[in-house]
Amino acid sequence: MDGIDCNLRELYQDLLRAYGRQDWWPGREDPFEVIVGAVLTQRTTWTNAARVIDALRRANLLTPEAIRQTESRDLEILIRPAGFYRAKTAKLKAFCTMLWREHAGDLSRLLALPLEDLRSVLLSVYGIGDETADAILLYAAGKPSFVIDAYTRRVLTRLGWIEGRESYQQLRTAFTQALPTDVGTFAEYHALIVHHGKSHCRSRPRCNTCPLLGMCETANYREDV
DNA sequence: AACCAGGAATGTA
DNA sequence: TACATTCATGGT
């Protein structure tokens with residue numbers, strides 16, 4: 001696993017045992033809503049992003065067509081509660097610009113592209129980086145692209161499995177190689193890590209209420225892969 | 001009243 | 001490649 005000392009499959013089972021199925025990402029029924037959510041939640045709480053999504057829905061602006069046609073000045077007012085509102089408005093606009101200029105405004109067809117092709121397209125859009133691209137691939141397009149976020153890094157660091165500043169690709173590859181290539185597994189695992197990370201692994205010393213058998217930084221999971 | 005939240009782009013060395 | 005800075009609101 002290229003230097004990453006861990007047992008990711010076992011961790012998945014333990015998280016699943018501890019918390020049960022999460023069946024995650026709100027609004028997963030609508031791919032565009034997932035895309036908007038992925039951008040809006042960048043470095044902000046989901047509750048603030050969700051407020052904006054509700055506001056956009058009430059204003060009938062939760063479609064690529066509407067975002068494309070609405071003036072940035074008007075969008076900014078609605079997006080403000082999510083923070084970085086000018087930047088995030090520009091990001092949503094940039095996605096729509098790409099959608100029309102390169103894919104005739106056909107979101108379904110865009111999301112039907114092969115995983116790596118779609119990932120490249122997404123990464124070429126202003127405001128979409130590794131994590132946002134993978135979240136869109138996984139939860140909007142239903143493709144097996146594992147999402148690495150701040151929680152993933154924090155949890156693995158607290159377990160003592162990584163140093164902490166490994167590259168995004170390195171961590172993504174580790175999960176990808178350790179797991180069966182399955183959308184459900186990827187989505188569930190990411191959700192479990194976030195759920196766990198929201199209440200644990202934040203600070204040293206380790207908490208003694210950790211459901212991972214209270215074994216953070218012990219030898220129980222360690223295994224050179 | 002600091003500090004943080006499910007990042008990404010940009011600039012510097 | 002590796003850091004620092006900027007973007008900004010709302011909750012604790």
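Side chains included, hydrogens not; waters and symmetry mates left out as well; all remaining heavy atoms used. Below, read A as the first sequence line, B as the second, and so on, with proteins coming before strands; counting in each chain starts at 1.
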Sub-4.0 Å heavy-atom contacts from residues 75-89 of chain A onto DNA chain B, ordered by number: none

Distance, P atom - from B/dT10 to C/dA8, rounded to whole angstrom: 14 Å

Check: A/Leu137 and A/Val147 side chains under 4.5 Å, non-hydrogen atoms: no

Close side-chain approach of A/Arg80 to A/Val52, heavy-atom, < 4.5 Å: no

Test: A/Arg172 cationic atom under 6.0 Å from A/Phe146 six-membered ring centre, within 45° of axis: no

Inter-nucleotide P distance (B/dC4, C/dA4), Å rounded: 15 Å

Between CZ on residue A/Arg158 and CZ on residue A/Arg153, distance to nearest 0.5 Å: 13.5 Å

Sugar-phosphate, base or nothing in reach of A/Val125, heavy atoms under 4.0 Å: sugar-phosphate

Length of the CG-P vector between A/Leu92 and B/dA8, whole Å: 14 Å

side-chain N/O A/Arg43 vs C/dT6 OP1/OP2, d < 4.0 Å: no

Side chain of A/Tyr126 (C-beta onward), nearest among B/dG7, B/dA9, B/dA5: B/dA9

Interatomic distance, A/Arg165 CZ vs C/dA2 P [rounded to whole Å]: 7 Å

Length of the CD-P vector between A/Gln170 and C/dT1, whole Å: 11 Å

Rounded interatomic separation in angstrom, taking CG from A/Asp130 and C1' from B/dG7: 10 Å

A/Tyr19: partners by side chain to side chain donor-acceptor pair (under 3.5 Å), with sequence neighbours left out: A/His196

Distance test, side-chain N/O of A/Arg51 to OP1/OP2 of C/dG11, below 4.0 Å: yes

Side chain to side chain donor-acceptor pair (under 3.5 Å), paired with A/Tyr139, selected from A/Arg28, A/Glu33, A/His190: A/His190

Spacing of A/Asn48 atom CG relative to B/dC4 atom P, expressed in whole Å: 17 Å

Rounded distance in Å - CH2 (A/Trp46) to P (C/dG11): 17 Å

Rounded distance in Å - CD1 (A/Ile128) to P (B/dA9): 9 Å

A/Ile136 CD1 - B/dG7 P separation (whole Å): 14 Å

A/Arg154 vs A/Thr132, nearer the 5' end of DNA chain B by closest nucleotide: A/Arg154

Sugar-phosphate only, base, or nothing, as touched by A/Arg153 at under 4.0 Å among non-hydrogen atoms: nothing

Rounded distance (nearest 0.5 Å) linking atom CZ of A/Arg43 with atom CD of A/Glu131: 10.5 Å

